[in-house]
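Let me begin by presenting the structure, written as structure tokens, before commenting on it.
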Amino acid sequence: MTDAAPVAGTILLGKYRVEKVLGEGGMGVVARAHHLQLDEPVAIKFLLPEVLGNQEVVQRFLREAQAAVKLKSEHVARVIDVGSLESGAPYMVMEFLDGGDLGAMLRHYGSFVPPVAVELILQGCDALAEAHALGIVHRDVKPSNLFVTRRRDGSLLLKVLDFGISKAPIAALDSNLTRTQSVMGTPAYMSPEQMRSTRNADARSDIW
């Protein structure tokens, strides 16, 4: 594995064989891998070595794992494993999803017909309702964080992704993060109250 991205064929932790990189950003990488023992595809998300010294980024990554693992809805990507690579970079193993994010699909195909749009929105609401019941506020609901895949019967299935800046009932962790960066989220999709104070955003901000 290089500092930038895992090389196809690399065996991570003795059980995950990397197949290809699915996406790479300034802070992390998501790769498709094959779980050798379970014989099934998985997605591995991990931070790049150059950002490991940034404790705020590391805490956000750990928060995403903690929030996602608490949610059991079929409309949230299932977390299988969490830990650290030999480099010290934290990683998170999730179910592999075959499909595309809603933002990309809208750009490529245009608007959905009303019945499909309503069904997908209701599925997203199901995930957020469970999160809100547990005191978790996503704080970055937008089309690119809504992933559309299919169930085994072929029906559309929406998954809410990226709880990295979520507000969870872990007071110390949330306080530390919001103290260093008072505004988090995507401006085009943020509620007015979240723009004023991310720390005070509640479930109504997700609904916005």
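Below, all heavy atoms of this structure are taken into account, side chains as well, without hydrogens, waters or symmetry copies.
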How close do L47 and V57 get, heavy atom to heavy atom, and via which atoms? CD2-CG1, 3.9 Å

Taking the side chain as C-beta and beyond, is there a heavy-atom pair between L161 and L146 under 4.5 Å? no

Test log, rule side chain to side chain contact (heavy atoms under 4.5 Å, CB included), inputs V148 and M105: CA-CA 9 Å; V148 181; M105 294 180 73; 3.6 Å; yes

Please tabulate, one pair per line, all N/O donor-acceptor pairs under 3.5 Å involving side-chain atoms of residues 88-100, not counting sequence neighbours.
unit_1, atom_1, unit_2, atom_2, d
Y91, OH, D81, OD2, 3.0
E95, OE2, R78, N, 2.9
E95, OE2, K159, NZ, 2.8

According to a hydrophobic-cluster definition based on side-chain heavy atoms being under 4.5 Å apart (Ile, Leu, Val, Met, Phe, Trp, Tyr only), do V42 and L13 belong together? yes

For the residue pair L128 and I207, establish whether any side-chain heavy-atom pair is separated by less than 4.5 Å. no

Could you check whether any side-chain heavy atom of K20 comes within less than 4.5 Å of a side-chain heavy atom of L22, counting everything from C-beta outward? yes

Check side chain to side chain contact (heavy atoms under 4.5 Å, CB included) between S155 and all other residues, then give those that pass, not counting sequence neighbours. R151, D153

Is the closest side-chain heavy-atom distance between R32 and P41 below 4.5 Å? yes

Could I get the full list of side-chain hydrogen bond (donor to acceptor under 3.5 Å, both in side chains) partners for D39, not counting sequence neighbours? H34

Go through the steps for V29 and I44 under the test side chain to side chain contact (heavy atoms under 4.5 Å, CB included), then give the verdict. CA-CA 8 Å; V29 173; I44 304 180; over 6 Å; no

Using the rule that two of Ile, Leu, Val, Met, Phe, Trp, Tyr join whenever any of their side-chain heavy atoms come within less than 4.5 Å, decide whether F46 and V21 are in one cluster. yes

Backbone N or O of F147 within a donor-acceptor pair of the D101 side chain at under 3.5 Å? no

Check V30 against A43 and note the closest heavy-atom contact, atom names and distance. CG1-CB, 4.4 Å

Without swapping roles, check the side chain of E130 against the backbone of L71 for a donor-acceptor pair under 3.5 Å. no

Over all heavy atoms of both residues, which pair between A127 and S73 is shortest? Give the atoms and the distance, please. CA-OG, 4.1 Å

Taking the side chain as everything from C-beta on, heavy atoms only, tell me whether E74 gets closer than 4.5 Å to L157. yes

What residues, two or more places apart in sequence or in another chain, satisfy side chain to side chain contact (heavy atoms under 4.5 Å, CB included) together with V18? P6, T10, L12, A31

Transitive ILVMFWY side-chain link F112 to Y109, under 4.5 Å: yes

Could I get the full list of side chain to side chain contact (heavy atoms under 4.5 Å, CB included) partners for K142, not counting sequence neighbours? D140, S144, N145, T186, Y189

Report, one line per pair, each donor and acceptor closer than 3.5 Å where one atom sits in a side chain of residues 117-125; sequence neighbours left out.
unit_1, atom_1, unit_2, atom_2, d
E119, OE2, Q123, NE2, 2.8
Q123, OE1, H75, ND1, 3.4
Q123, OE1, L158, N, 2.7
Q123, NE2, L156, O, 3.2

Looking at I136 and H132, what are the two nearest heavy atoms and their distance? O-CD2, 3.2 Å

